[in-house]
Asker: 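Dropping a structure here in structure tokens format, bear with me for questions.
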Amino acid sequence: MKLSVALFFAGFFGALGAVFFLASFGTDYWLLVSETCSSNQTGKKTLNGAPIERGDGMISQKDTDTTFYHEGFFWRCSFGGKMAEDNMWKFWFTNQPPSKVCTHAYLFPFPVPTQPHNSTAYDTAVIYRGFWSVFMLVGVAAVIMGGFIIICAAPFASHKLYKAGGGLFLTAGMFFLAVIIMYVIWVHGLEGVTEYTVQKESHCRDFHINIRYGLSFMFAPVGVFFCLLAGLLFLLIGRTVQMHYN
């Protein structure tokens, strides 16, 4: 009876982990970026081409022309619009204009300038992105294989299958944990974002960039927790089955 309850919870946690991993892998909201830029080089702030004078209380700087970006494993998309705090999340997901342009999300986890770039930094980003992508693919493949093996193991047919499935769930959790850490380092630790900001500021005195993590990124640690928990439970179930049958 206790073994059946443990198997139920292990399968439930494993299914949740797989769902969160697939949602994180398949959606393109790992990173959300918004940037505002004024091309006026006189130092005066503008709104739709008109200068903003000090004391203009009728104009809110929270409703300015903004370029939005979001990116994930497959795609990086950009579109323009108005920035407003009260409808930003709605704008990201449900009110995007048809003019949105999407390209393959290669090389950097943030908008890549089209101007000439440092070849060394570019090559480093290619390698880093490659490892990040491989780790994510291995994690997704491991959690899917682990689920199939666990299905084949029921009901208590082989302790080896339970142990193999548990090991794959643990492997998936560890690889996705590495993916999360690499992504945080990628965004905050490497010099790519700084170089991009400096380059933009050389053309736009009022340039401002806002970077935040999206729902796809948030799904990953939840999936890691459930996968690690399921993996440990499956290993424990496999050990218990082995002891009872031997």
Side-chain angles (χ1 to χ4, degrees), residues 9-35 66-79 81 83-96 100 102-112 125 128-144 146-147 168-190 192-193 196 208-233:
F9 280 106
F12 180 70
F13 293 148
L16 284 178
V19 168
F20 278 106
F21 277 179
L22 292 175
S24 178
F25 172 70
T27 55
D28 296 311
Y29 291 94
W30 273 75
L31 198 70
L32 306 180
V33 180
S34 62
E35 63 177 42
T66 306
T67 302
F68 297 89
Y69 303 86
H70 65 85
E71 75 101 30
F73 181 84
F74 294 102
W75 298 99
R76 180 173 58 249
C77 302
S78 63
F79 53 93
M83 169 67 79
E85 292 182 356
D86 58 345
N87 67 351
M88 183 174 180
W89 286 105
K90 179 180 178 182
F91 193 78
W92 281 119
F93 298 102
T94 62
N95 195 28
Q96 297 180 11
K100 181 172 73 170
C102 295
T103 58
H104 292 291
Y106 299 141
L107 310 182
F108 292 96
F110 52 86
V112 182
Y128 199 92
R129 176 82 185 197
F131 276 104
W132 182 81
S133 301
V134 169
F135 282 9
M136 181 176 288
L137 287 173
V138 172
V140 171
V143 75
I144 293 175
L168 285 172
F169 273 101
L170 289 177
T171 300
M174 295 304 295
F175 269 98
F176 253 85
L177 182 61
V179 165
I180 296 170
I181 296 173
M182 288 180 67
Y183 205 81
V184 173
I185 295 175
W186 200 351
V187 175
H188 296 286
L190 301 184
V193 175
Y196 178 75
H208 176 72
I209 187 170
N210 182 27
I211 300 176
R212 67 181 66 186
Y213 298 108
L215 285 179
S216 302
F217 178 88
M218 302 301 178
F219 288 152
V222 179
V224 169
F225 171 77
F226 283 120
C227 271
L228 293 179
L229 185 57
L232 292 174
L233 285 175

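Residue numbers start at 1 and run along the sequence shown. The shown structure was predicted, so the numbers you read here are calculated from the model rather than taken from an experiment.
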Asker: Would Tyr29 and Met218 count as a side-chain contact (heavy atoms from CB on, under 4.5 Å) if you check the C-alpha gap in whole Å, the side-chain angles of each, and the deciding distance to 0.1 Å?
Answerer: CA-CA 9 Å; Tyr29 291 94; Met218 302 301 178; over 6 Å; no

Asker: When rounded to the nearest 0.5 angstrom, what distance separates CZ in Phe217 from CZ in Arg212?
Answerer: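 It comes to 14.0 Å.
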
Asker: Which heavy atom of Leu170 sits nearest a heavy atom of Leu228, and at what distance?
Answerer: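 Here Leu170 and Leu228 meet closest at CD2-O, 3.5 Å.
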
Asker: The criterion is side chain to side chain donor-acceptor pair (under 3.5 Å); which residues satisfy it with Ser216, sequence neighbours excluded?
Answerer: Thr27

Asker: For Phe175, enumerate each residue passing the side chain to side chain contact (heavy atoms under 4.5 Å, CB included) test, keeping only those at least two apart in sequence or located in another chain.
Answerer: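 Listed in chain order: Phe135, Val138, Thr171.
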
Asker: Do any pairs count as a side chain to side chain donor-acceptor pair (under 3.5 Å) and have a residue in residues 220-230, sequence neighbours left out, and if so which ones?
Answerer: none

Asker: Could you tell me which residues satisfy side chain to side chain contact (heavy atoms under 4.5 Å, CB included) with Ala220, sequence neighbours excluded, listed by chain and number?
Answerer: Ser24, Trp30, Phe176, Ile180

Asker: Going from NE2 on His70 to SG on Cys102, what distance comes out if it is rounded to the nearest 0.5 angstrom?
Answerer: 5.5 Å

Asker: Ignoring hydrogens, what is the shortest heavy-atom contact between Phe21 and Cys227? Give both atom names and the distance.
Answerer: CE1-SG, 3.4 Å

Asker: Rounded at 0.5 Å granularity, tell me how far CE in Met174 sits from CZ in Phe169.
Answerer: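 One gets 16.0 Å once the value is rounded to the nearest 0.5 Å.
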
Asker: Quick one: list whatever passes side chain to side chain contact (heavy atoms under 4.5 Å, CB included) with Leu137, sequence neighbours left out.
Answerer: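 Here the qualifying residues are Phe25, Phe73.
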
Asker: Find the distance between CD1 (Ile144) and CG (Leu168) and round it off to the nearest 0.5 Å.
Answerer: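 Those atoms lie 11.5 Å apart.
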
Asker: Which heavy atom in Met136 sits nearest to a heavy atom in Val179, and how many Å separate them?
Answerer: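 Shortest heavy-atom contact: N-CG2, 3.5 Å.
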
Asker: Look only at the side chain of Tyr128 and the backbone of Met182, and say whether a donor-acceptor pair between them is shorter than 3.5 Å.
Answerer: yes

Asker: To check you understand the geometry: which heavy-atom pair defines the closest contact between Leu31 and Tyr213, and what is its length?
Answerer: CD1-CD2, 4.2 Å

Asker: Got a second to check how far Phe9's CZ is from Leu233's CG, nearest 0.5 Å?
Answerer: 9.5 Å

Asker: Using the ring pair (Phe, Tyr, Trp, His ring centres under 6.0 Å) criterion, which residues pair with Phe219? Sequence neighbours excluded.
Answerer: Phe20

